[in-house]
Amino acid sequence: MGNSDSKAQFRGLVFAFSEKTLSPESKIWEQLWLIPQTAEDVFSLIQPDDVAAILEKQPENLRVLVSKTLEEIRSNLSNPIKFSTGRTLNCVRVLTRVIPTLQLDSDEENKMLWNSETNSLPLAQDILHVLSQLLFFPGFTLAESTEVSSALGTIDTEEKLLSDCVTLWNAKPALLWTSGIGVFPDQDGMGIEIKVPETTSTKIRQNRSECLRLLFACFSKTLYIKAVDYTPSANKWLTLVCEEASAFPRGVELFCSMLNFACSYDPIGWGIPYGSTLTSRSAVDEELVDICLQLLLILIDSENQENYFSRLIGSIDCEKDFKFLFDGMSRLLNSIHSSHNTYLPNSKKSISCEQEVLVLFWKLIVGNRKFLTYILHKEDITKILVPIVYFIWNGRQNPGRTGLVHIGTFVLLVLSGERTFGVALNKPFKQRLPLDGAPVLTTGNHADLIIILFHKLIVNGSGLYIKLYGCLMTIIANISPYAKSLSLVASIKLMSMFEQFSSRRFLFAAEDNPGCLNFLLDTFNNLIQYQYEGNYHVIYTLCRNKALFDNLKNMEFQPESDPQPKANSITPENSSEQVASRMTSFIPTEEWFNKWKSDLHINTVARLLDYLQPHVENFCASNGITSANEKSVMNFLKNTTLVGLLPVPHAIVIRKYEPNKFTTLWFTTYIWGVFFIRNKKYPLWEREKIKLFAINVS
């Protein structure tokens with residue numbers, strides 16, 4: 001920590017830059033990196049207003065500042081023996097503080113950073129080149145070894161220049177920060193794993209974080225573009241790095257290093273209680289994991305074919321790599337609920353980057369079909385499902401967690417489009433999650449867990465997730481053909497959702513609302529046609545609620561009796577009336593009503609109930625029991641056959657996720673919103689200047 005005199009001197013230098021034009025030969029520039037300061041000091045002593053003042057009053061000083069800072073870094077890189085870590089870090093910190101503010105003025109940014117002088121590179125490209133070297137420099141961000149020196153001296157320049165040929169096999173294993181992907185000599189992953197010279201140095205890991213933060217700052221331009229105007233090409237920095245491999249020569253090594261470090265992180269520490277307290281690296285590692293994940297998501301956000309980082313995601317095809325990635329992400333995601341589910345207070349450390357991990361998982365299952373196939377066939381997918389359930393349950397009433405609820409739902413939608421996932425959900429659920437108000441499943445499975453979760457989201461989600469209802473019902477319909485035995489609790493929840501979605505007020509509140517009802521009817525049809533023998537709880541629940549289906553069949557169009565709910569009406573929380581009141585204004589027509597009514601998939605359920613209901617009533621009457629005697633009625637249903645009664649089983653219809661420009665933009669705004677909220681220690685951006693999304697201050 002610098003003393004008060006050095007801080008005052010540093011602050012005086014910053015003030016002087018806006019007062020008068022300074023000669024490039026002046027000795028004052030060196031003082032910025034000669035005066036020892038910490039990262040916190042630099043962020044405190046150089047404020048965005050200071051940079052803006054220099055840009056307004058003495059813009060040439062700002063250009064010289066950036067140029068001189070790069071010159072100092074290059075001087076250090078060219079002389080490894082006399083390399084000064086302190087001076088280099090101060091230079092990195094100054095650039096990190098200056099660039100986000102400079103990007104606010106596109107004209108000045110273009111003139112200062114993107115215009116080249118004579119035959120030299122523009123300053124922006126020079127910054128990227130310098131960063132590429134700093135992130136893989138022995139003694140600074142890499143361990144010093146002969147393997148590292150050899151790898152740095154044999155980079156295949158021609159191969160690096162061809163961005164369309166860049167693959168994981170271009171990576172130099174000796175340069176990777178830790179083992180993981182990119183360490184096998186052949187594409188099948190069958191060769192001998194190449195040893196990665198790892199380091200346990202806390203200082204080196206801190207240096208990596210500081211350099212990555214500068215790269216993060218370079219990509220900040222996205223935040224200053226309105227969502228309606230945003231395209232991946234609007235951010236020059238990002239476009240250059242993602243589409244021209246020569247702009248960032250160590251791009252493949254950076255991709256592998258960040259992915260490996262994040263997925264290798266163990267928040268628990270040695271796998272024992274209080275293990276994280278036994279090492280001083282815990283906070284440093286967690287900070288590095290956070291920024292690695294955030295930068296990864298930025299680099300793979302654009303799904304254009306020109307983005308070679310996205311292509312790297314799709315090119316992973318080694319089973320050892322798939323297992324490494326799955327184990328790492330499931331370990332991180334499960335650390336949160338396990339840290340709250342222990343008898344020893346604070347004995348297990350959790351993470352704060354669950355949103356980033358979940359988005360990375362999403363990118364992998366959408367962008368790499370082989371990875372999706374692997375985790376569904378050779379791993380226990382419930383290790384990902386359980387933490388997602390935990391996140392959605394706990395975030396359902398928190399407006400600040402709506403994004404996490406959405407991404408969790410989107411992941412389940414993609415998974416539900418695969419038969420293997422539906423089959424895997426029959427695995428018994430034996431855990432006890434630390435959830436408020438969650439029913440205890442003594443005989444349930446993971447399909448029950450999903451149904452109970454979605455019911456809770458609908459009836460107790462404070463109306464925040466109305467637009468997700470169709471997605472939730474799609475997931476349930478997708479998994480229903482493979483659900484062998486739903487519990488009584490889940491069966492009752494299904495009927496509760498049916499009661500809400502079949503109400504006149506809900507159906508008439510929005511044009512697409514009948515779609516939710518049809519998805520539930522598809523669910524019942526699938527269970528009846530394909531899994532009747534094991535789902536007596538569902539059949540029993542259907543029989544007890546036959547009146548709901550009769551009312552639906554007999555529903556008529558009566559607009560005068562279906563007044564639209566008033567926006568200021570007071571209704572019970574989470575009722576269908578409350579949900580309807582949050583819908584957009586819609587005026588139903590008789591043509592609209594007849595269309596969806598004629599398309600209802602109700603025949604299979606109706607035929608079942610018309611046959612079973614009288615038989616159940618006769619059974620109860622002849623045996624002197626009531627329908628409330630569940631055990632007796634259930635035994636009767638088990639011995640009742642439907643052979644020849646139901647229509648020929650329909651083809652199983654699975655609705656898969658289809659990417660579109662709206663979800664792509666949603667993911668961009670979502671991840672940057674997460675980054676903004678989480679980067680508080682070193683605030684890179686001014687809240688008032690952000691245009692990509694709105695920020696609500698409570």
Side-chain angles (χ1 to χ4, degrees), residues 131-138 141-143 145-199 204-205 208 211-212 215 241-242 245-246 248-265 288-289 291-293 295-300 307-329 332 357 360-361 363-364 367-368 370-371 374-375:
L131 267 177
S132 182
Q133 292 178 270
L134 281 176
L135 284 163
F136 300 94
F137 194 79
T141 49
L142 287 177
S145 70
T146 55
E147 293 92 340
V148 170
S149 300
S150 176
L152 287 171
T154 59
I155 292 294
D156 188 345
T157 306
E158 292 184 359
E159 189 175 45
K160 290 291 181 180
L161 292 176
L162 299 174
S163 62
D164 58 339
C165 297
V166 173
T167 69
L168 290 174
W169 320 114
N170 293 115
K172 303 293 181 182
L175 299 183
L176 303 185
W177 296 346
T178 189
S179 296
I181 66 170
V183 298
F184 295 100
D186 59 85
Q187 298 190 21
D188 296 324
M190 301 303 293
I192 299 174
E193 182 177 347
I194 298 176
K195 180 68 175 176
V196 174
E198 299 185 35
T199 176
I204 282 181
R205 298 185 182 197
R208 291 170 182 170
C211 292
L212 290 178
L215 187 58
V241 171
C242 292
S246 59
F248 201 89
R250 304 286 190 271
V252 181
E253 286 83 9
L254 180 63
F255 173 85
C256 294
S257 293
M258 293 193 299
L259 190 54
N260 291 350
F261 191 84
C263 290
S264 298
Y265 178 57
L288 182 54
V289 167
I291 199 163
C292 281
L293 286 168
L295 268 173
L296 267 174
L297 296 182
I298 292 172
L299 292 171
I300 65 177
N307 183 355
Y308 78 83
F309 287 101
S310 288
R311 295 205 305 273
L312 288 175
I313 283 286
S315 71
I316 304 172
D317 61 359
C318 166
E319 286 199 358
K320 292 181 181 178
D321 289 343
F322 290 155
K323 180 169 181 55
F324 167 75
L325 294 173
F326 180 83
D327 288 347
M329 288 185 286
L332 291 172
V357 176
L360 176 61
F361 182 78
K363 289 290 185 178
L364 280 163
N368 192 316
K370 290 182 179 180
F371 176 77
Y374 170 82
I375 64 174

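Residue indices begin at 1 and follow the sequence shown. Note that the coordinates shown come from a computational prediction; the quantities given were computed from them, not determined experimentally.
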Is there a side-chain contact between Cys242 and Tyr308 (heavy atoms, below 4.5 Å)?
no
In this structure, CE of Met258 is separated from CZ of Arg208 (nearest 0.5 Å) by 12.0 Å
Heavy-atom closest pair (Trp177 atom, Cys292 atom, distance to 0.1 Å) is CZ3-SG, 4.0 Å
To the nearest 0.5 Å, atom CD1 of Ile291 lies from atom CG of Leu215 at 8.5 Å
| task | Would you check if Lys172 and Phe136 make a side-chain contact, meaning some heavy-atom pair closer than 4.5 Å? | result | no
Check: Would you say the side chain of Leu288 lies within less than 4.5 Å of the side chain of Tyr265, judging by non-hydrogen atoms?
Finding: no
- Message: I'd like to know if the side chain of Asn307 and the backbone of Leu299 have a donor-acceptor N/O pair within less than 3.5 Å.
- Response: yes
Applying side-chain contact (heavy atoms from CB on, under 4.5 Å) to Ile313 and not counting sequence neighbours gives Phe255, Ile300, Leu364
Rounded to the nearest 0.5 angstrom, the CG-OH distance for Asn368 and Tyr374 is 12.5 Å
Test item: Thr178 side-chain N/O and Phe261 main-chain N/O as donor-acceptor pair under 3.5 Å: no
On a heavy-atom basis, the closest approach of Cys256 and Gly182 is SG-CA, 4.4 Å
Please test Leu254 against Leu212 for side chain to side chain contact (heavy atoms under 4.5 Å, CB included), starting from the C-alpha separation and ending with a verdict.
CA-CA 10 Å; Leu254 180 63; Leu212 290 178; 3.8 Å; yes
Scanning both residues in full, the closest heavy-atom pair of Leu131 with Phe248 reads CB-CE1, 4.1 Å
Leu259 and Leu360, any side-chain heavy atoms less than 4.5 Å apart:
yes
So, does Arg250 use its side chain to make a donor-acceptor pair with the main chain of Ser132 at under 3.5 Å? no
When you look at Val241 and Phe309, which way does the side chain to side chain contact (heavy atoms under 4.5 Å, CB included) test go after all the steps?
CA-CA 9 Å; Val241 171; Phe309 287 101; 3.8 Å; yes
Is there a side-chain contact between Phe326 and Lys323 in this structure, where contact means two heavy atoms from C-beta onward sitting under 4.5 Å apart? no
Shortest non-hydrogen pair, Thr141 vs Leu134, comes out as OG1-O, 2.6 Å
Please verify the inter-ring angle class for Phe361 with Phe371; under 30° counts as parallel, over 60° as perpendicular, anything in between as tilted. perpendicular
Correct closest heavy-atom pair for Leu175 and Glu253 would be CB-CG, 4.0 Å
Rounded to the nearest 0.5 angstrom, the CZ-CG distance for Phe322 and Asp317 is 6.0 Å
**OP:** Check the pair Leu312 / Ser315 against side chain to side chain contact (heavy atoms under 4.5 Å, CB included), numbers first and verdict last.
**Re:** CA-CA 5 Å; Leu312 288 175; Ser315 71; 4.2 Å; yes
Check step by step if side chain to side chain contact (heavy atoms under 4.5 Å, CB included) holds for Leu176 and Asn260. CA-CA 8 Å; Leu176 303 185; Asn260 291 350; 4.1 Å; yes
